[in-house]
Structures are given as C-alpha cells and as structure tokens.
Amino acid sequence: MVLLSETPPPDFTMRNALFLAIVCFIADAASETPPTHYGVLVFPAFQLLDVFGPVDVLYGHSIFHQKNLTLSVISRTLSPVSTVPLTMNTTFGASITPTHMLSSPPSTLEVLIVPGGLGTRAPDLEAEIQFIRTVFPSLRYLIAVCTGNALVARAGLLDGKKATGNKASWAWLTTHGNGKVHWVAQARWVRSSEKIWSTSGVSAGVDGTLNFMETIYGSDNATHLENAMEWTRVTDPDQDEFAAIWGAKDVLPME
Ligand SMILES: *[C@@H]1O[C@H](CO)[C@@H](O)[C@H](O)[C@H]1NC(C)=O
Ligand SMILES: *[C@@H]1O[C@H](CO)[C@@H](O)[C@H](O)[C@H]1NC(C)=O
Ligand SMILES: *[C@@H]1O[C@H](CO)[C@@H](O)[C@H](O)[C@H]1NC(C)=O
C-alpha cells in the first residue's frame with residue numbers, strides 16, 4: 001500500500017489548478033451575465049406609472065443596449081387587467097393583457113416588479129402575496145414601487161429591513177410588515193437588501209429603476225436612458241421632498 005505524500009505530484013496539482021480555474025471562470029461569467037427576464041405583477045386598479053415607468057426604462061434598454069430582454073406580465077387570470085378602481089365610481093383607466101397566470105409563472109423569471117395603486121387595498125390579495133413569497137427565492141432582483149411595498153411587506157420579505165413607499169399613503173402603508181419593517185420616510189428609494197429596491201411613490205419607480213440599471217448595467221447605460229427619456233433624474237436616494245409635504249415620519253420596527 002502506497003501512502004499519499006504530503007505534496008501531491010506536480011501533474012495532480014496542475015490538473016486541479018486548471019479545473020479550479022475553469023470552474024471559477026464559469027462561475028464569474030455566470031454571475032456577470034446581466035438579467036434578461038423581467039416580470040411585472042398586475043392586479044385590478046394597479047397604478048399605471050408604477051408599471052409603465054420602470055417598464056419604459058427597460059424598454060429603452062431593450063432597444064438601445066440589450067435586445068434579448070423578455071417581459072412577462074403576471075396576473076391571476078389571462079384576462080385584461082384594468083387600472084379602473086371599481087370602488088371610486090369612475091370608468092377612467094386602461095388595461096394590460098397578462099402573459100402568465102400567478103399559478104403558472106415563467107420558470108426563468110429573474111427580476112420582478114411589484115407596482116402599487118388603489119388595488120393594493122383590495123380585501124383579497126392572498127394569491128398575489130403568496131406568489132411574491134414563493135417566487136422570491138428564485139429571483140435575482142425585486143423592485144417594489146409605491147404601495148406595492150405593502151404587498152412585499154405582507155409577503156414577509158421586508159422583515160428586519162428598511163423600505164419606503166408612497167408618502168401620500170404613508171399611514172396606511174406603514175401598518176404592513178407586522179412591525180418588523182423600518183419604514184424610511186425621507187427616501188426616493190431604499191436598498192432593502194442586495195436583492196430588493198424599494199421605491200417611493202409612483203414617479204420614484206423610475207428613479208429606483210434607473211439606479212437599478214446603473215448598478216446592474218453601468219452608469220453609461222443609465223445616463224443614456226435618462227437622457228433619451230428626457231427624465232430629470234434624482235440620483236440621491238435620500239433626496240425626497242414628499243415626506244415633508246405629507247408629514248411622513250419614519251416608522252421603526254417594534255422591539
Ligand atoms: C443577453 O445580452 C447581453 C448583452 O447584450 C449578453 O451579455 C448576455 O449574455 C445575453 N444573454 C443571453 C441569455 O443571451
Ligand atoms: C357615480 O357617478 C355618477 C356620475 O357622476 C353619479 O350619477 C352617481 O350618483 C355616482 N354614484 C355613486 C354611488 O356615487
Ligand atoms: C451600455 O452598456 C453596454 C455594456 O456595458 C455597452 O457596451 C454600451 O456601450 C452601453 N451603451 C450606452 C449607450 O451607454
């Protein structure tokens with residue numbers, strides 16, 4: 001019986017080093033591949049700009065920088081989903097047609113956008129909340145806009161984290177999250193974690209998404225999109241005049 005020497009033979013070391021180098025190269029390449037599959041969750045009475053602001057940023061990106069992007073629109077059924085709030089005695093609004101149902105979402109989804117809107121006050125949103133909770137572990141990123149943060153909080157994904165949302169709905173929004181969320185009032189957006197961008201109300205979704213773009217795809221792409229959209233962008237996440245206007249104050253987690 002031959003005992004293994006302390007130092008393995010040179011060819012063994014070489015093979016290992018080569019193998020390791022290949023593994024590292026593959027791992028690096030994989031982690032640097034930019035996301036291509038985006039999804040947006042929609043429900044009745046979603047807020048138009050919460051969806052189409054971020055999607056329009058990605059739309060520009062898909063035209064100018066990265067043509068292989070996919071957008072999935074995910075909802076309870078495949079019927080068109082209207083922004084009209086049925087509780088408000090109005091018929092004014094527009095609809096979007098889903099591509100996928102909550103019960104059979106695309107399997108390769110990488111980034112999910114969760115919008116807000118009056119529909120986040122609906123009494124039965126368990127299917128949407130369950131979907132967010134279930135899909136989250138397989139996502140690379142999640143962007144929560146406006147009162148969409150209430151749904152993400154109800155899914156438990158903001159527990160022990162900072163988040164923000166619409167200042168006009170602050171008192172209502174901050175009741176969500178079981179007292180485990182630090183709701184930051186003075187914020188255009190908050191990085192709740194490596195994976196989560198939490199943005200303030202409606203238009204802030206665009207600034208949050210442009211910050212996401214800058215982080216993931218680089219500042220040149222983000223600046224190019226901002227200029228193409230003629231968007232006066234807020235680049236400081238703490239720059240927010242609306243907390244003062246609406247008298248919104250931080251809500252800390254309970255002990
Ligand atoms: C999509 O395009 C980007 C940049 O154009 C590229 O880096 C990436 O590898 C492509 N991804 C896929 C899945 O084709
Ligand atoms: C809804 O609006 C219409 C038209 O303005 C009005 O006639 C009607 O009384 C309203 N209904 C309710 C329940 O407020
Ligand atoms: C966008 O980013 C890609 C990848 O880094 C780069 O090749 C391209 O030049 C950028 N385009 C603009 C307009 O910033």
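Remember, it's 1-based here, ligands and their atoms both numbered in the order they're listed. Just so it is clear, the structure is predicted and the values come from calculations on it, not from any experiment. For the single chain, residues carry numbers from 1 onward in sequence order. The analysis underlying the following values was restricted to heavy atoms, covering all of them including side chains, and did not include hydrogens, waters or symmetry mates.
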Quiz item: Is there a chain of hydrophobic side chains (I, L, V, M, F, W, Y, each step under 4.5 Å between heavy atoms) that links Phe242 to Trp231?
Solution: no
Quiz item: Looking at Thr36, which atoms of ligand 1 are within less than 4.0 Å of one of its heavy atoms?
Solution: 1 (C), 11 (N)
Self-check item: Enumerated ligand 1 atoms positioned under 4.0 Å from heavy atoms of Gln66
Solution: 1 (C), 2 (O), 3 (C), 4 (C), 5 (O)
Quiz item: Between Asn221, Asp220, Leu225, which one has a non-hydrogen atom sitting closest to atom 6 (C) of ligand 3?
Solution: Asn221
Self-check item: ligand 3 atoms in contact with His224 (distance to a heavy atom under 4.0 Å)
Solution: 13 (C)
Quiz item: Are any non-hydrogen protein atoms located under 4.0 Å from atom 9 (O) of ligand 2?
Solution: no
Quiz item: Are there protein heavy-atom neighbours of atom 4 (C) of ligand 3 below 4.0 Å?
Solution: no
Quiz item: Would a 4.0 Å cut-off, counted as strictly less than, catch a protein heavy atom around atom 14 (O) of ligand 3?
Solution: yes
Practice problem: Tell me which protein heavy atom sits closest to atom 7 (O) of ligand 1, plus the residue, atom name and distance to 0.1 Å. | Solution: Pro34 CD, 3.7 Å
Quiz item: Are the aromatic ring centres of His65 and Tyr217 under 6.0 angstrom apart?
Solution: no
Quiz item: Does Thr199 offer a backbone N or O that forms a donor-acceptor pair with the side chain of Asn149 under 3.5 Å?
Solution: yes
Practice problem: Give a yes or no on whether a salt bridge exists between Arg154 and Glu126, defined as a side-chain N under 4.0 angstrom from a carboxylate O. | Solution: yes
Quiz item: Among Asn89, Thr90, Thr91, whose heavy atom sits nearest atom 1 (C) of ligand 2?
Solution: Asn89
Practice problem: Indicate yes or no: does an N/O atom of Asn68 lie under 3.5 Å from an N/O atom of ligand 1? | Solution: yes
Practice problem: Check the pair Ser200, Lys167 against side chain to side chain donor-acceptor pair (under 3.5 Å), reporting the backbone distance first and the verdict last. | Solution: CA-CA 7 Å; Ser200 188; Lys167 309 305 149 49; 3.0 Å; yes
Quiz item: Quick one: does Ser75's side chain have a donor or acceptor within less than 3.5 Å of a partner on Val42's backbone?
Solution: yes
Quiz prompt | Thr36 side chain to Glu110 side chain, donor-acceptor N/O pair below 3.5 angstrom | solution = yes
